[in-house]
**Q** 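I'd like to ask you about the structure that follows.
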2 protein chains.
Amino acid sequence: MLESSGRTEHREPVITRQNVTPKPIDAHEPWMRGLHADTGYLLYRLGLRSGQLFNACLQESGLRLRHYAVLRFLATSDGALQRELSARLGYDPSAIVGLVDDLEKLGFAERRPSPDDRRSRIVVLTGSGRAFLRDTDEAGQRVTGELLGPLDPAERETLHALLLRIAEDGLN
Amino acid sequence: MLESSGRTEHREPVITRQNVTPKPIDAHEPWMRGLHADTGYLLYRLGLRSGQLFNACLQESGLRLRHYAVLRFLATSDGALQRELSARLGYDPSAIVGLVDDLEKLGFAERRPSPDDRRSRIVVLTGSGRAFLRDTDEAGQRVTGELLGPLDPAERETLHALLLRIAEDGLN
DNA sequence: CAACAACTATTGACGTCAACAATTATTGCT
DNA sequence: AGCAATAATTGTTGACGTCAATAGTTGTTG
């Protein structure tokens, strides 16, 4: 970006106006003062923490979060074209290639030719892939438990429900 | 990682293919409960989406989310050592260097020598930095509103409260 | 039916970004 | 004075996203 090298298009900030709304914080929102005033920003930070914890947890298996995402998707819809994985998971098609390569090397998934379309490949979960998922699921729940430490079960449930709503909005 | 929705918004993939989801989800099998069964994993994906939206919003000013985080922290505790920024924001010290460099280039912050310790530098927000924060705050709330679309105000508040609790647990 | 457009998986190049080690300057300790 | 610890910084490495290009395949259309 505009790092020290500054060779890319060098956008000028253009924010010369100070007028703008006085932005009354209102006693209505007391948390508007701190770093985590904005829910979106909060989500971003917590997402990072969660990802780190998950990655640390998966690290001992040689996989990363992205692999886990693929495995999980394969578990829900048994057999998926790489094109689907790309679209639904949001990864670039070129990224899917490497991920499936890795999973195949570990014996967790395999590519099978599609009967209808010879350019497509159907990625399916193997037995050991399913077993791996079963094993890591409990580790994942341990991590989640650690992350959600200060929340009691009922609160966790409502949190999950709320997050699920905003997740499904984006048609994940 | 850039999860799904935020990215190629211009054109929808339109999965005309097959519908591989007979998908008998068995709630008794945790690893089969779908992609977003785990709250931690859900948080991870939503955090990415949120980050994308925020970044897209800040992009026009030439800054990124990390810059915004620094600015916000500087606004709350006027004047901070880079070491503090690193510790409280969770970024690596080496990352702080570049971020403060950028902010300095844009005139939003400046490094001042510390009177007590000559190896430390105190980073302070400038007037235009403060103005910039004021301006972008409203954009941030717009993004957050977009992200939290399906939630009514009361739900948003409870979500924010819950997230805040688990955020403060990690001494952020 | 033959040419052409669209699509799938794949590879490669390029820039970005975050985590880690190493360096320099400075301080505190003993 | 000597030495460990600390603040800022640089450099390096590996992961990641984006884009462009290619080969093989399918569908369409003139």
**Q** What nitrogen or oxygen pairs link the protein and nucleotides 3-5 of chain C at under 3.5 Å?
**A**
none

**Q** The criterion is side-chain contact (heavy atoms from CB on, under 4.5 Å); which residues satisfy it with B:D117, sequence neighbours excluded?
**A** B:S114, B:R119, B:S120

**Q** Could you tell me how far apart A:L81 (CG) and D:dT25 (C1') are, to the nearest whole angstrom?
**A**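 A:L81 atom CG is separated from D:dT25 atom C1' by 14 Å.
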
**Q** Compare the minimum distances between each of D:dC19, C:dT8, C:dT10 and the side chain of A:Q82, then state the nucleotide with the smallest one.
**A** C:dT10

**Q** Which comes earlier along DNA chain C counting from the 5' end, the contact point of A:V97 or that of A:Q52, where each point is its nearest nucleotide?
**A** A:V97

**Q** Contact between B:S128 and B:F108 at the side-chain level, heavy atoms closer than 4.5 Å - yes or no?
**A** yes

**Q** The criterion is salt bridge (charged side-chain N to carboxylate O under 4.0 Å, His left out); which residues satisfy it with A:R121, sequence neighbours excluded?
**A** none

**Q** B:E84: what forms a salt bridge (charged side-chain N to carboxylate O under 4.0 Å, His left out) with it, not counting sequence neighbours?
**A**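 Testing B:E84 for salt bridge (charged side-chain N to carboxylate O under 4.0 Å, His left out), a comparison that skips the adjacent residues, returns none.
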
**Q** Round to the nearest Å and state the distance from A:I96 atom CD1 to D:dC16 atom C1'.
**A** 13 Å

**Q** Rounded to the nearest angstrom, tell me the gap between atom CD in A:Q59 and atom P in D:dG14.
**A**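 These atoms are roughly 14 Å apart.
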
**Q** Verify whether one side chain among B:R64 and B:Y68 offers a donor that lies under 3.5 Å from an acceptor in the other.
**A**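 Side chains of B:R64 and B:Y68: no pair found under 3.5 Å.
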
**Q** Within residues 110-118 of chain B, find the residues that approach DNA chain C with a heavy atom at under 4.0 Å, and present them sorted by residue number.
**A**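 The answer is B:D117, B:R118.
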
**Q** List in chain and number order the residues that pass salt bridge (charged side-chain N to carboxylate O under 4.0 Å, His left out) with B:E110, two or more places apart in sequence or in another chain; answer none if no residue qualifies.
**A**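 Partners of B:E110 under the salt bridge (charged side-chain N to carboxylate O under 4.0 Å, His left out) test: none.
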
**Q** In whole angstrom, give the distance that lies between atom CG of A:D92 and atom P of C:dT10.
**A** 13 Å

**Q** Only counting residues at least two apart or in another chain, list the ones meeting salt bridge (charged side-chain N to carboxylate O under 4.0 Å, His left out) with A:E138.
**A**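 Salt bridge (charged side-chain N to carboxylate O under 4.0 Å, His left out) check on A:E138 returns nothing, list empty.
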
**Q** What about B:S94: does its side chain form a donor-acceptor pair under 3.5 Å with the base of C:dC20?
**A** yes

**Q** Bend across the helix from C:dC1-D:dG30 to C:dT30-D:dA1, to 10°, with axes taken over 5 pairs at each end?
**A** 10°

**Q** Rounded to the nearest Å, what distance is computed from the NE2 atom of residue B:H67 to the C1' atom of nucleotide C:dA18?
**A** 14 Å

**Q** State which of D:dA15, C:dC20, C:dA9 makes the closest approach to the side chain of A:R64.
**A**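 It is D:dA15.
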
**Q** Taking only residues two or more places apart in sequence or in another chain, which ones pass side-chain contact (heavy atoms from CB on, under 4.5 Å) with B:R118?
**A**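 B:R118 satisfies side-chain contact (heavy atoms from CB on, under 4.5 Å) with no other residue.
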
**Q** Take the protein atom CZ of B:R66 and the nucleotide atom P of C:dC17, then report the distance between them rounded to whole Å.
**A**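 So the CZ-P distance, B:R66 to C:dC17, works out to 9 Å.
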
**Q** Grab the CZ-P distance between B:R83 and C:dT27 for me, whole Å please.
**A** 17 Å

**Q** Return the set of residues passing ring pair (Phe, Tyr, Trp, His ring centres under 6.0 Å) with B:Y91 (not counting sequence neighbours), or none when no residue passes.
**A** none

**Q** Kindly indicate whether the side chain of A:H67, heavy atoms from C-beta on, has any atom under 4.5 Å from the side chain of A:L106.
**A**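 Side chain of A:H67 against side chain of A:L106, heavy atoms only: no contact under 4.5 Å found.
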
**Q** With sequence neighbours excluded, tell me which residues meet side-chain contact (heavy atoms from CB on, under 4.5 Å) with A:H160.
**A**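 For A:H160, the residues satisfying side-chain contact (heavy atoms from CB on, under 4.5 Å) (neighbours in sequence not counted) are A:L164, B:T39, B:L42.
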
**Q** Among all residues two or more places apart in sequence or in another chain, which pass the side-chain contact (heavy atoms from CB on, under 4.5 Å) test with A:V143?
**A** A:L53, A:F54, A:C57

**Q** Tell me whether the side-chain N or O atoms of B:R119 pair up with the base of D:dT6 as donor and acceptor below 3.5 Å, since no angle test is needed here.
**A** yes

**Q** For A:E104 and C:dA9, give me the distance from atom CD to atom P, rounded to whole Å.
**A** 13 Å

